[in-house]
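Notes for the one structure printed next.
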Amino acid sequence: MSKNITSEIKFNVELDENRVPEKIQWTAPDGGVTAEAAKAIMLSIWDSKAQETLRIDLWTKDMPVDEMKKFFHQTLVAMSDTFQRATNDEKMADTMKDFCEYFAEKMELIK
């Protein structure tokens, strides 16, 4: 019988008096990450029973808008890659990547 392994990823969010994130740190011991600073998190969790996605979207109040645009773009690109690996649907993944290029162009991320 194989032995199951448990891995933990932890987020610590420091809030101001209005419960707005000021600092975010994350730790992932298996990845060699200990209390690394982050300015934003987008976490999606699939609830199979309800057949819906649960989400946590947080960003610090000092996250610059230009960095947020890059964060969204890179997240969309990563989602396209993940979609292709998870579904093997190259045609739709390519369509998603086309949108990512359009997004980067409209957000003036391409120089």
Side-chain angles (χ1 to χ4, degrees):
M1 186 186 317
S2 66
K3 182 179 177 184
N4 289 341
I5 299 170
T6 300
S7 182
E8 180 177 77
I9 300 170
K10 183 177 177 181
F11 296 98
N12 287 319
V13 182
E14 184 178 312
L15 307 172
D16 69 10
E17 64 279 353
N18 296 314
R19 302 190 58 79
V20 175
E22 286 192 327
K23 292 182 183 177
I24 300 171
Q25 289 185 325
W26 68 291
T27 299
D30 287 355
V33 178
T34 304
E36 284 289 324
K39 294 225 180 241
I41 300 169
M42 281 193 222
L43 179 64
S44 298
I45 301 166
W46 180 246
D47 181 337
S48 186
K49 188 192 299 186
Q51 292 287 294
E52 64 185 18
T53 301
L54 308 173
R55 299 174 25 135
I56 298 172
D57 299 324
L58 298 173
W59 58 93
T60 59
K61 56 182 161 183
D62 66 340
M63 173 85 169
V65 172
D66 63 323
E67 286 185 29
M68 183 61 87
K69 290 177 182 181
K70 289 177 190 176
F71 178 56
F72 264 84
H73 177 256
Q74 291 177 18
T75 300
L76 291 168
V77 170
M79 288 175 66
S80 301
D81 293 338
T82 302
F83 180 82
Q84 184 172 358
R85 283 194 320 273
T87 66
N88 209 24
D89 187 336
E90 267 188 65
K91 186 175 179 182
M92 184 52 71
D94 288 343
T95 300
M96 292 170 70
K97 288 177 185 178
D98 288 344
F99 174 75
C100 292
E101 288 180 28
Y102 172 81
F103 182 92
E105 181 183 312
K106 292 299 180 185
M107 292 289 104
E108 299 178 350
L109 301 176
I110 299 172
K111 300 206 182 233

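Follow the hydrophobic side-chain contacts under 4.5 Å out from Met42 and you never reach Trp26; the two are in separate clusters. Transitive grouping of hydrophobic side chains (ILVMFWY, heavy atoms separated by less than 4.5 Å) brings Leu15 and Phe11 into a common cluster. Taking hydrophobic clusters as Ile, Leu, Val, Met, Phe, Trp and Tyr residues chained together by side-chain heavy-atom distances below 4.5 Å, Met63 shares a cluster with Met107.
The distance from the CH2 atom of Trp46 to the CD atom of Gln51 is 4.5 Å, given to the nearest 0.5 Å. Rounding to the nearest 0.5 Å places NZ of Lys10 at 11.0 Å from OG1 of Thr34. In this structure, CD1 on Ile24 lies 5.5 Å from CG on Leu58, to the nearest 0.5 angstrom. Here CD1 of Ile110 is found 11.0 Å from CZ of Phe103. Values are rounded to the nearest 0.5 Å. Rounding to the nearest 0.5 Å places CD1 of Ile45 at 5.0 Å from CD1 of Ile56. Between Gln84 atom CD and Met92 atom CE the span is 12.5 Å, to the nearest 0.5 Å.
With sequence neighbours excluded, the residues forming a side chain to side chain contact (heavy atoms under 4.5 Å, CB included) with Val20 are Asp16, Asn18, Lys61, listed by chain and number. With sequence neighbours left out, Asp62 forms a salt bridge (charged side-chain N to carboxylate O under 4.0 Å, His left out) with Lys39.
Heavy atoms from other residues, nucleotides or ligands lying under 6.0 Å from CG of Leu43 number more than 12. Within a 6.0 Å radius of CD in Glu108, other residues, nucleotides and ligands contribute 12 heavy atoms or fewer. Within 6.0 Å of the CE atom in Met96, the count of heavy atoms belonging to other residues, nucleotides or ligands exceeds 12.
Closest approach of Ala38 and Thr60 over heavy atoms only: O-CG2, 4.1 Å. Contact record, Glu8 with Pro29: O-CD, 3.4 Å, taken as the closest heavy-atom pair. Taking all atoms of both residues into account, the shortest heavy-atom contact from Ala35 to Thr27 is N-OG1, 2.9 Å.
Applying the salt bridge (charged side-chain N to carboxylate O under 4.0 Å, His left out) test to every pair with at least one member in residues 67-89, sequence neighbours left out, gives these pairs: Asp81-Lys97.
The one candidate from Leu109, Thr95, Leu76 that meets the side-chain contact (heavy atoms from CB on, under 4.5 Å) condition with Cys100 is Leu76.
Contact check for Phe71 versus Trp59: no side-chain heavy atoms found under the 4.5 Å cut-off.
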